[in-house]
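Just so you know, these numbers use all the heavy atoms, side chains as well, and skip hydrogens, waters and symmetry mates.
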Amino acid sequence: MLTHQEANIFGTEQDRVNCSFYYKIGACRHGDRCSRKHIRPPFSQTILLPNVYHNPAHDPVCKLTEAELQEGFDAVYEDLVLRISEVRTFVCDNVGDHLIGNVYARYEWETEAQAAVDNLNDRWYAGRPLYAELSPVTDFREACCRQNENGECNRGGFCNFMHLRLASKELVSSLRAGQRLERRLHPAKTEGGGGGWEPSRREGGRGRSASPSRRGGSNGEDRWTRK
């Protein structure tokens, strides 16, 4: 049982037992070698898919224009949202080992997040299996690098805070409208009428996903290597 003081400093920089970076951004550059604890939450509204997105711009031989890079990312982001079933999806553009390509999604209900983890851990994407887990991140404003948002971060992609890759505003607006419609057409069907809407398990989402079930033994369509 935590004392009042321990509860107040839990997961903060003053906490000498638990890693503040893990609780703030869901990842730590020290990984398993960290001297502080990384305790995975038994339940959460946030999920993490580590090392999923690979930005072609980080390849030194990449010759794509900014418009082509944005078009490619929009296609990846849309496919992710349709599979994850949550528009509040955050894609890291960092290059540090602990954050590179990380994808987070924040759900309204904890049951939604758990259903997504169960579903995604049975999928392939980009020729590789997906690995999803519950994440302790609760406030993405605190997890993101404010200096980067102001164009002032001098650490670039190696920053220990999230540098997000953003989808186009038009796409995000369209996906939000689609999600609202989907939730009206397919409301929650949980026992007792509670627990919130759960992500669809229909094969292929809306028919746009490139992540077939692992049971089929397929590696899936490689949509990530748009070079």
Worked verdict on Tyr23 versus Val137 for side-chain contact (heavy atoms from CB on, under 4.5 Å): CA-CA 6 Å; Tyr23 286 99; Val137 179; over 6 Å; no

How close do [X] and [Y] get, counting heavy atoms only, and between which atoms?
{"X": "Thr89", "Y": "Ala105", "value": "OG1-CB, 4.1 Å"}
{"X": "His98", "Y": "Cys28", "value": "CB-O, 3.5 Å"}
{"X": "Thr46", "Y": "Ala113", "value": "N-CB, 4.3 Å"}
{"X": "Ala132", "Y": "Val117", "value": "O-CG1, 3.7 Å"}

Under 3.5 Å, is there a donor-acceptor pair between the side chain of [X] and the main chain of [Y]?
{"X": "Tyr131", "Y": "Leu120", "result": "no"}
{"X": "Ser174", "Y": "Glu170", "result": "no"}
{"X": "Asp93", "Y": "Asn55", "result": "no"}
{"X": "Asp74", "Y": "Ala167", "result": "no"}
{"X": "Asn119", "Y": "Ala115", "result": "no"}
{"X": "Arg88", "Y": "Arg106", "result": "yes"}
{"X": "Asn18", "Y": "Arg36", "result": "no"}
{"X": "Glu112", "Y": "Glu108", "result": "yes"}

Residues that Leu181 engages under side-chain contact (heavy atoms from CB on, under 4.5 Å), provided they are two or more places apart: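 Checked Leu181 against side-chain contact (heavy atoms from CB on, under 4.5 Å); matches are Arg184, Leu185.
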
With the 4.5 Å side-chain cut-off for hydrophobic clustering, are [X] and [Y] part of the same group?
{"X": "Ile47", "Y": "Val52", "value": "yes"}
{"X": "Val95", "Y": "Leu166", "value": "no"}
{"X": "Leu48", "Y": "Leu164", "value": "yes"}

For the atom pair [atom1] ([X]) and [atom2] ([Y]), what is the distance rounded to the nearest 0.5 Å?
{"X": "Leu175", "Y": "Tyr77", "atom1": "CG", "atom2": "OH", "answer": "6.5 Å"}
{"X": "His54", "Y": "Ile100", "atom1": "NE2", "atom2": "CD1", "answer": "6.5 Å"}
{"X": "Gln45", "Y": "Ser135", "atom1": "CD", "atom2": "OG", "answer": "11.5 Å"}
{"X": "Lys24", "Y": "Thr138", "atom1": "NZ", "atom2": "OG1", "answer": "10.5 Å"}
{"X": "Cys144", "Y": "Phe90", "atom1": "SG", "atom2": "CZ", "answer": "7.0 Å"}
{"X": "Asn102", "Y": "Asn94", "atom1": "CG", "atom2": "CG", "answer": "8.0 Å"}

Would a 4.5 Å heavy-atom cut-off, applied to side chains only, mark [X] and [Y] as touching?
{"X": "Leu69", "Y": "Cys62", "value": "yes"}
{"X": "Glu78", "Y": "Leu171", "value": "yes"}
{"X": "Val76", "Y": "Tyr53", "value": "yes"}
{"X": "Arg29", "Y": "Asn160", "value": "yes"}
{"X": "Ile84", "Y": "Tyr107", "value": "yes"}
{"X": "Leu99", "Y": "Ile25", "value": "yes"}

His38-Asp32 side chain donor-acceptor pair, cut-off 3.5 Å: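 No, no side-chain donor-acceptor pair sits under 3.5 Å.
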
Pairing of Arg183 and Glu86 as salt bridge, 4.0 angstrom limit: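 Between Glu86 and Arg183 there is a salt bridge, with a charged N closer than 4.0 Å to a carboxylate O.
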
Identify all side-chain donor-acceptor contacts of residues 146-158 below 3.5 Å with residues at least two apart in sequence or on another chain.
residue, atom, partner, partner atom, Å
Arg146, NH2, Glu142, OE2, 2.5
Asn148, OD1, His163, ND1, 3.3
Asn150, ND2, Arg146, O, 3.3

Sub-6.0 Å ring centroid separation between Phe21 and Phe161: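 Distance test on ring centres: under 6.0 Å, yes.
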
Trace of the side-chain contact (heavy atoms from CB on, under 4.5 Å) decision for Lys63 with Glu68: CA-CA 10 Å; Lys63 297 181 179 180; Glu68 290 172 330; over 6 Å; no

Intermediate values then yes/no, side-chain contact (heavy atoms from CB on, under 4.5 Å), Gln114 and Phe43: CA-CA 7 Å; Gln114 186 61 61; Phe43 46 83; over 6 Å; no

Full working for side-chain contact (heavy atoms from CB on, under 4.5 Å) between Phe73 and Val91: CA-CA 10 Å; Phe73 177 73; Val91 181; 3.8 Å; yes

